[in-house]
Amino acid sequence: MRIISLWLLVSVLPLLTSPVVSAEPLRVASINLCADQLVLLLADDNQILTLTNLSHDTAGSYYYEKARNFPANKGYSEKILRLAPDVVIAGQYTALHTVKLLTEVGLRVESLPIANSIETLIDNIRSVATWVGQEERGQAIITDLQQRLLNLEPVVEPRPVAAAYDPNGYTSGASSLRGQLMEMAGWRNAATDAGIESYGQLSLEQIISMAPDALIDSPYSPGTYSRAQMTSRHPALLKAGLDPHIISIPSRMMICAGPWTVDILERLQEERIRMTTVQ
Amino acid sequence: MSNAPANRRLPVILCVVVALLFIASLAIGREPLPLFAALGSWLRGDDAVHGIILSQIRIPRALIALFAGASLGLCGAAMQGLLRNPLASPGLVGSASGAAFFAVFVLYFGVSNTMPWVLPIAAMCGAMLATIIVYLMAGRDASITTLILAGVAVNALATAGMSLLLNLAPSPFAVRELVLWTLGDITDRSMADFWLMIPTTIAGWLLLVGVGGQLDTLTLGERTAESMGVNPQRLRWRVFIAVSLAVGAAVATVGMIGFVGLVVPHLLRPYVGYQPGRLLMVSALGGAAMLLAADIGVRIIPTDTPLKVGVLTALVGAPFFLRLIVQSRREYV
């Protein structure tokens with residue numbers, strides 16, 4: 001018994017204390033695009049082992065420039081295993097089999113929930129900061145964001161109407177992040193008027209008869225063709241006078257949430273104030 | 001000649017049906033539209049909501065259904081007359097899928113951004129190419145089975161090619177639009193789309209003017225027709241080119257809407273005394289009526305995601321097709 005405890009003292013204790021002593025950085029692998037963004041935001045460069053290949057994409061990744069400094073993975077477990085990260089960050093609903101496999105072989109896998117509100121975004125920043133061992137940096141960012149949220153202008157009635165408008169007329173209602181941003185920025189959401197809770201479709205005819213004051217789009221790959229993308233260029237919309245008030249948010253800001261989400265919020269508020277003072 | 005009055009009445013009846021369906025197509029939609037108020041607003045040009053919905057969404061949609069349906073019905077009748085084969089139609093002999101393949105290529109790979117007129121021309125070439133391949137593979141006096149088999153092969157090839165193109169297309173939304181091309185869809189087209197399809201459509205129609213008499217003569221057999229002054233070779237090319245023009249334009253705009261060109265000439269044949277020449281015009285009217293009706297159907301049937309118009313034409317057309325096969329087995333075996 002004594003020998004065992006002695007052995008524990010000699011072999012395990014140094015292991016437990018070594019991160020503190022040698023300040024060996026916690027090394028991270030991300031297999032989810034939105035996790036990539038928060039890792040890039042919070043971790044030190046020497047902590048990042050790999051990010052998803054999507055993180056290099058200009059249309060989908062906010063920190064694509066910085067991400068290109070790091071090797072990409074396609075979410076295959078073999079590559080992740082070979083890198084032997086201290087923590088793997090995955091999306092909540094993506095690559096379930098990979099996550100299961102990585103957990104079974106003994107890696108620490110954390111899953112990041114989808115941020116469908118500002119509150120979840122802040123929770124996510126806090127979680128990732130903890131996972132990568134950068135709590136202080138995370139807290140500083142959160143404090144800054146919360147301050148910016150407090151500085152928002154009050155909502156003035158009557159609120160102008162806006163509709164989020166994606167290819168094929170897809171739109172977001174109140175229980176989505178985009179819906180919440182519109183609400184907080186002082187817009188009335190046309191999707192809510194049409195009875196859409198989270199995601200749904202608005203037909204061209206609905207859009208025209210509701211005549212929203214603005215359309216919010218985030219073109220994912222401008223310049224390419226699909227019938228879906230043509231809906232937002234239909235002459236009926238131009239004729240209805242919706243054309244001048246398209247608020248275009250780059251898709252790399254819309255696909256994943258991050259501190260830039262508050263930039264969107266401020267932009268939407270600015271557009272709303274401009275519109276209500278002009279009229 | 002005993003049924004002459006009925007013959008003369010048929011085009012009139014069909015015209016009335018098409019006109020009624022056209023008006024219904026303007027009035028019916030997911031959003032209720034007060035037709036007269038909308039018409040007034042449009043004519044006054046005051047850009048009120050109803051006027052815009054009518055002039056920019058519903059009218060192009062109804063016009064496109066009218067012209068595309070007429071093209072499909074007309075071309076079905078022309079091909080059945082030319083090949084003397086009740087199963088010939090743009091959908092079965094590959095014209096439609098060939099057109100769709102080329103249209104997809106031009107649209108999704110950005111060629112038509114700078115030169116929109118390339119679209120109908122490309123679709124016409126695709127239709128032509130597919131038709132000729134099927135025709136060459138099946139041979140001049142092909143049996144029904146050979147023709148259908150050749151058609152199946154070319155259709156499969158064109159659809160696979162289309163799927164490949166849509167997978168490779170730069171737009172992330174392209175992949176999901178295969179169904180839109182294979183089943184056809186008229187939702188949210190604009191007047192620009194309509195004007196783009198019109199020149200080639202009309203060219204195809206005009207090329208078929210006067211073909212009727214020759215098709216009638218052809219029913220007596222190729223030799224006899226030749227002795228009566230019909231040049232079968234020239235007639236064949238004329239019909240193929242006309243069909244490619246009209247079907248190409250229709251498919252490039254609305255996708256491959258099946259069975260219109262097959263069903264309509266069949267339904268109407270008994271009423272025109274089985275004469276291919278007289279079948280042409282009534283088939284055009286019938287095709288327009290069928291497509292307008294199907295397009296009204298997809299707007300009335302309350303599904304969460306709107307149905308594709310080809311779903312309805314296929315639901316009506318496929319059983320019809322099966323009946324034809326049973327019938328033709330009885331006749332030809």
Side-chain angles (χ1 to χ4, degrees), chain A residues 33 54 57-61 161 163 165-171 190 193-213 217-244 251-252 254-255, chain B residues 28-33 38 42 45 47-61 103-114 116 119 166 169-181 185-195 253-255 299 304-306:
Chain A
L33 174 64
L54 293 172
D57 176 30
T58 48
S61 172
V161 181
Y165 200 66
D166 288 338
N168 259 345
Y170 279 96
T171 189
D193 294 351
I196 293 167
E197 179 79 11
S198 55
Y199 287 95
Q201 249 176 321
L202 286 175
S203 72
L204 216 46
E205 295 188 6
Q206 269 176 314
I207 280 278
I208 289 166
S209 37
M210 287 197 290
D213 301 295
D217 73 351
S218 23
Y220 180 73
S221 29
T224 61
Y225 174 92
S226 69
R227 286 270 165 87
Q229 286 156 291
M230 291 309 281
T231 47
S232 59
R233 278 191 250 165
H234 197 284
L237 288 178
L238 307 183
K239 202 87 200 257
L242 290 166
D243 186 42
S251 60
R252 73 174 76 98
M254 218 52 251
I255 288 178
Chain B
I28 293 168
R30 300 244 158 173
E31 297 281 298
L33 186 71
W42 176 42
D47 282 350
V49 168
H50 292 318
I52 291 170
I53 290 183
L54 180 70
S55 64
Q56 302 293 321
I57 299 178
R58 302 249 172 122
I59 287 183
R61 181 174 189 158
V104 163
F105 179 74
V106 168
L107 278 173
Y108 289 79
F109 289 84
V111 185
S112 67
N113 269 350
T114 43
L119 174 66
L166 289 172
S171 166
F173 304 96
V175 174
R176 281 184 247 156
E177 297 187 350
L178 182 62
V179 68
L180 187 151
W181 285 100
D185 181 39
I186 325 183
T187 315
D188 292 347
R189 294 303 127 82
S190 64
M191 281 315 273
D193 295 315
F194 175 68
W195 292 122
T253 317
V254 300
R299 284 179 272 176
D304 278 344
T305 333

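Atoms considered below: every heavy atom in the structure, side chains included; atoms not considered: hydrogens, waters and symmetry mates. Residue numbers begin at 1 in each chain, while the letters A, B, ... track the order of the sequences. Model, not experiment: these values are computed from the prediction.
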L180(B), part contacting chain A, at a heavy-atom distance under 4.5 Å: side chain

Chain A contact via R189(B) - which portion, at a heavy-atom distance below 4.5 Å: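 For R189(B), heavy atoms of backbone and side chain both lie under 4.5 Å from chain A.
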
Under 4.5 Å from any heavy atom of chain B - which part of Q206(A): both

Toward chain B, the part of P235(A) with a non-hydrogen atom under 4.5 Å: both

F105(B) CZ: over 12 foreign heavy atoms closer than 6.0 Å: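 No, the 6.0 Å shell around CZ holds no more than 12 heavy atoms from other groups.
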
Heavy-atom pair of closest approach, residues Y225(A) and S171(B): O-CB, 3.2 Å

Heavy-atom pair of closest approach, residues S209(A) and V49(B): CA-CG1, 3.4 Å

Validation row: I57(B), H234(A) side chains within 4.5 angstrom (heavy atoms):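 Yes. Closest side-chain heavy atoms under 4.5 Å.
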
Pairwise distance CD(Q56(B)) to CD(E205(A)) - rounded to 0.5 angstrom: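 Reported value, rounded in 0.5 Å steps: 12.0 Å.
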
